[in-house]
Amino acid sequence: MADYVIKDIALAAYGRKELDIAETEMPGLMACRTEFGASKPLAGARIVGSLHMTIQTAVLIETLVALGADVRWASCNIFSTQDHAAAAIAEAGVPVFAVKGQSLEEHWDYLDRSFQFPEGANMILDDGGDATLYVLLGARAEAGEDIIPVPQSEEEAVIKAQIKKRMEQSPGWFTKTRDAIKGVSEETTTGVHRLYDLHKKGQLPFPAINVNDSVTKSKFDNKYGCKESLVDGIRRATDVMMAGKVAVVCGYGDVGKGSAASLRGAGARVKVTEVDPICALQAAMDGFEVVRLEDVISDVDIVITTTGNKDIVRIEHMREMKDMAILGNIGHFDNEIQVAALKNHKWTNIKDQVDMIEMPSGARIILLSEGRLLNLGNATGHPSFVMSASFTNQVLAQIELWTKGEDYQPGVYILPKALDEKVARLHLDRIGVKLTELRPDQAEYIGVTVEGPYKPEHYRY
Ligand code: NAI
């Protein structure tokens with residue numbers, strides 16, 4: 001029986017053509033293949049991937065395989081899979097379990113399947129922390145603990161049911177798997193928060209590399225990635241005229257900065273909300289009006305959440321929204337917008353991942369991807385070039401954990417700055433950047449070496 005669950009294997013040829021194009025835009029990953037393809041530093045690694053199953057991720061997967069790893073993959077979001085990418089990967093022989101529009105039950109079942117290597121998994125590559133959460137929660141359940149409430153409460157029952165099923169099928173499986181995991185590399189801000197929290201509580205049993213906080217990840221993917229993919233998602237969902245519309249972006253962190261720039265670039269008039277005075281000041285000095293959501297909600301056409309926090313757009317906000325205003329989230333989880341509070345309103349499905357909801361007042365809201373990250377739900381996520389920088393960090397993190405994991409105590413680590421600079425360097429040629437070389441006397445004057453690193457650890461870019 002085929003060891004995959006995808007939409008349609010007939011999409012593989014289309015996926016492969018897009019994969020071939022993506023490779024030309026992912027110089028960091030291709031350089032990893034050239035540098036490490038012969039030595040195969042990931043030989044023996046059995047990596048569970050839980051990360052949006054897109055074309056760019058397919059290039060990551062094939063890079064991990066080229067470096068010697070065995071890989072099984074699930075998507076970390078029910079709407080983010082590109083079915084042709086999943087098909088191409090399945091056809092290449094990598095077990096993949098991902099369908100765009102899968103149910104929550106399928107989502108957790110597919111994650112479970114991605115762990116089922118015949119000899120057991122020994123590495124995790126995570127995005128948002130679901131794979132790590134699954135194995136740690138399951139091990140705690142096996143130890144007889146009442147498992148901790150999970151952050152996305154709607155999913156809690158589904159996760160618990162999946163854990164129970166696995167415990168019945170294979171007693172002791174979670175504990176054995178947890179003990180075999182050598183390390184996890186985590187892609188995103190929200191997953192990284194979870195890891196630091198687990199470590200603080202003494203519940204992280206293996207080392208983790210925080211890929212998100214490589215400069216070449218969060219200051220590029222989160223920012224320039226969203227700058228391209230936010231408006232892409234809104235347009236593919238709605239075809240609305242963006243110029244002249246009033247938009248509010250909740251949160252002005254890395255994703256908020258990219259999102260506000262995206263909307264401004266499309267001609268919208270953009271307002272920002274923030275809780276952090278530093279980010280609020282940045283927004284103001286970047287020329288955005290910084291407001292409170294309740295003061296502007298009745299006048300805005302587009303509302304976007306980017307905070308990684310919960311309950312940002314609440315039912316009292318939605319009741320005030322203009323007729324046909326667009327509401328969406330680009331943060332990792334769907335709890336930024338209180339979608340559950342809309343459940344007993346009238347929903348009209350316009351097309352996949354676009355719903356129109358009628359409020360008691362008669363005003364209608366266009367809700368994107370049911371409040372799940374809209375750039376991946378309504379469009380195809382970030383472009384390849386910026387994902388190459390993110391995923392090159394992922395590959396380096398996997399190599400570090402697999403080959404030197406014993407040197408690390410359980411905890412959360414960031415890749416050294418020299419590797420961060422290396423990732424950036426690998427992406428210069430493709431866009432014709434000519435780097436100036438430091439002269440030795442200049443290097444000495446500013447206290448660095450000619451080869452770098454060029455900045456102290458505390459430098460913030
Ligand atoms: P960040 O921490 O840099 O920014 C979040 C900002 O939201 C902070 O400045 C914070 O002060 C602000 N905030 C928190 N609560 C708020 C509230 N109640 N009202 C207004 N502002 C509030 O995090 P980052 O890197 O920008 O990530 C944000 C989210 O996006 C995370 O969930 C992350 O995992 C996700 N993400 C999504 C991507 C995508 O492609 N959709 C790409 C990268 C990250």
Side-chain angles (χ1 to χ4, degrees), residues 51-52 54 56-57 75-77 79-80 126-130 151-152 186-196 210-234 248-262 271-284 286 288 290-297 303-314 317 328-338 368-369 371-383 386-387 389-391 393-394 460-461:
L51 194 152
H52 310 289
T54 63
Q56 293 70 34
T57 302
S75 191
C76 61
N77 183 281
F79 293 141
S80 63
D126 223 349
D127 183 350
D130 281 356
Q152 328 91 294
E186 169 55 53
E187 174 81 1
T188 199
T189 317
T190 287
V192 161
H193 285 164
R194 279 183 172 183
L195 286 173
Y196 282 109
N210 164 359
V211 167
N212 183 67
D213 286 296
S214 287
V215 179
T216 48
K217 200 286 184 180
S218 49
K219 299 294 168 188
F220 289 82
D221 163 329
N222 305 26
K223 183 180 171 187
Y224 302 110
C226 291
K227 188 173 171 196
E228 308 242 349
S229 65
L230 173 71
V231 159
D232 186 17
I234 299 171
V248 59
V249 173
C250 302
Y252 202 69
D254 292 319
V255 169
K257 288 178 176 73
S259 299
S262 185
K271 301 174 195 287
V272 166
T273 74
E274 250 299 343
V275 293
D276 178 335
I278 296 177
C279 298
L281 190 59
Q282 283 180 313
D286 284 339
F288 298 105
V290 182
V291 297
R292 296 211 173 118
L293 189 58
E294 29 286 357
D295 296 337
V296 298
I297 192 76
V303 183
I304 302 296
T305 55
T306 77
T307 69
N309 202 348
K310 63 176 184 146
D311 298 328
I312 302 301
V313 179
R314 298 184 293 278
H317 298 125
N329 164 50
I330 193 167
H332 189 79
F333 283 126
D334 62 342
N335 54 355
E336 302 209 20
I337 301 170
Q338 286 183 342
L368 308 185
S369 287
R372 296 172 196 274
L373 72 193
L374 77 93
N375 59 332
L376 282 138
N378 298 92
T380 50
H382 300 342
V386 84
M387 293 316 295
S390 302
F391 289 166
N393 282 291
Q394 280 286 6
R460 292 193 172 94
Y461 297 87

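In each ligand, atom 1 is the first atom listed, and ligand 1 is the first ligand listed.
Close approach to Asp276 involves these atoms of ligand 1, each under 4.0 Å from a residue heavy atom: 11 (O). Those atoms of ligand 1 with a heavy atom of His382 less than 4.0 angstrom away are 40 (O), 42 (C). Those atoms of ligand 1 with a heavy atom of Ile312 less than 4.0 angstrom away are 17 (C), 18 (N). Every atom of ligand 1 is numbered from 1 in the order shown, and the set under 4.0 Å from a heavy atom of Thr188 is 33 (C), 34 (O), 35 (C), 36 (N), 43 (C), 44 (C). Close contacts of ligand 1 with Thr273, meaning ligand atoms under 4.0 Å from a residue heavy atom, involve 20 (C), 21 (N).
When only modelled atom types and interatomic distance are considered, Asn222 and Asn212 share a side-chain donor-acceptor pair under 3.5 Å. One side chain, Thr54 or Thr57, offers a donor N or O that lies under 3.5 Å from an acceptor on the other.
Counting all heavy atoms, side chain and backbone alike, Val272 lies closest to Ala260 at CG2-CB, 4.4 Å. Across every non-hydrogen atom of Asp334 and Asn329, the tightest pair is CA-ND2, 4.3 Å.
At least one N or O atom of Ile330, backbone or side chain, sits closer than 3.5 Å to an N or O atom of ligand 1. Close N/O approach between His332 and ligand 1 is found [any backbone or side-chain N/O within under 3.5 Å]. Considering both main-chain and side-chain atoms, Glu336 never comes within under 3.5 Å of ligand 1 through any nitrogen or oxygen pair. An N or O contact shorter than 3.5 Å links Glu274 to ligand 1 by distance.
For atom 2 (O) of ligand 1, the nearest protein heavy atom (residue, atom name, distance) is Thr189 CG2, 4.2 Å. Shortest contact from atom 30 (O) of ligand 1 to any protein heavy atom: Gly331 CA, 3.4 Å. Among all protein heavy atoms, the one lying closest to atom 32 (O) of ligand 1 is Thr190 OG1, 2.5 Å. Ranking protein heavy atoms by distance to atom 39 (C) of ligand 1, first place goes to Asn375 ND2, 3.5 Å. If you check which protein heavy atom lies closest to atom 22 (C) of ligand 1, you get Thr307 CG2, 3.6 Å. The protein atom (non-hydrogen) at minimum distance from atom 4 (O) of ligand 1 is Gly253 CA, 3.2 Å. Among protein heavy atoms, the minimum distance from atom 28 (C) of ligand 1 is reached at Thr306 O, 3.2 Å. Nearest protein neighbour of atom 26 (O) of ligand 1, counting heavy atoms only, is Val255 N, 2.8 Å.
Looking only at side-chain heavy atoms (C-beta outward), Lys219 and Asp254 come within less than 4.5 Å of each other. For the pair His317/Val303, no side-chain contact is recorded, criterion being any heavy-atom separation below 4.5 Å from C-beta on. Annotation: side chain of Asp311 is in contact with side chain of Gln338 (closest heavy-atom distance under 4.5 Å).
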Evaluate His332 against Thr190 for side-chain hydrogen bond (donor to acceptor under 3.5 Å, both in side chains), listing each step before the verdict.
CA-CA 7 Å; His332 189 79; Thr190 287; 5.8 Å; no
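Contacts between Asn212 and ligand 1 below 4.0 angstrom, taking non-hydrogen atoms only, are absent altogether. When heavy-atom distances to ligand 1 are checked against a 4.0 Å cut-off, Asn309 comes that close only through its side chain, counted from C-beta outward.
Distance CD1/Ile330 to OG/Ser262: 7.5 Å, rounded to 0.5 Å.
Without hydrogens or angle criteria, His382 side chain to Met387 main chain gives no donor-acceptor distance under 3.5 Å.
When each of Asn378, Thr380, Asn375 is checked for a side chain to side chain donor-acceptor pair (under 3.5 Å) with Ser229, only Asn375 meets the rule.
In this structure, Cys279 has a heavy atom closer than 4.0 Å to ligand 1.
Heavy-atom contacts from other residues, nucleotides or ligands closer than 6.0 Å to CZ of Phe79 number more than 12.
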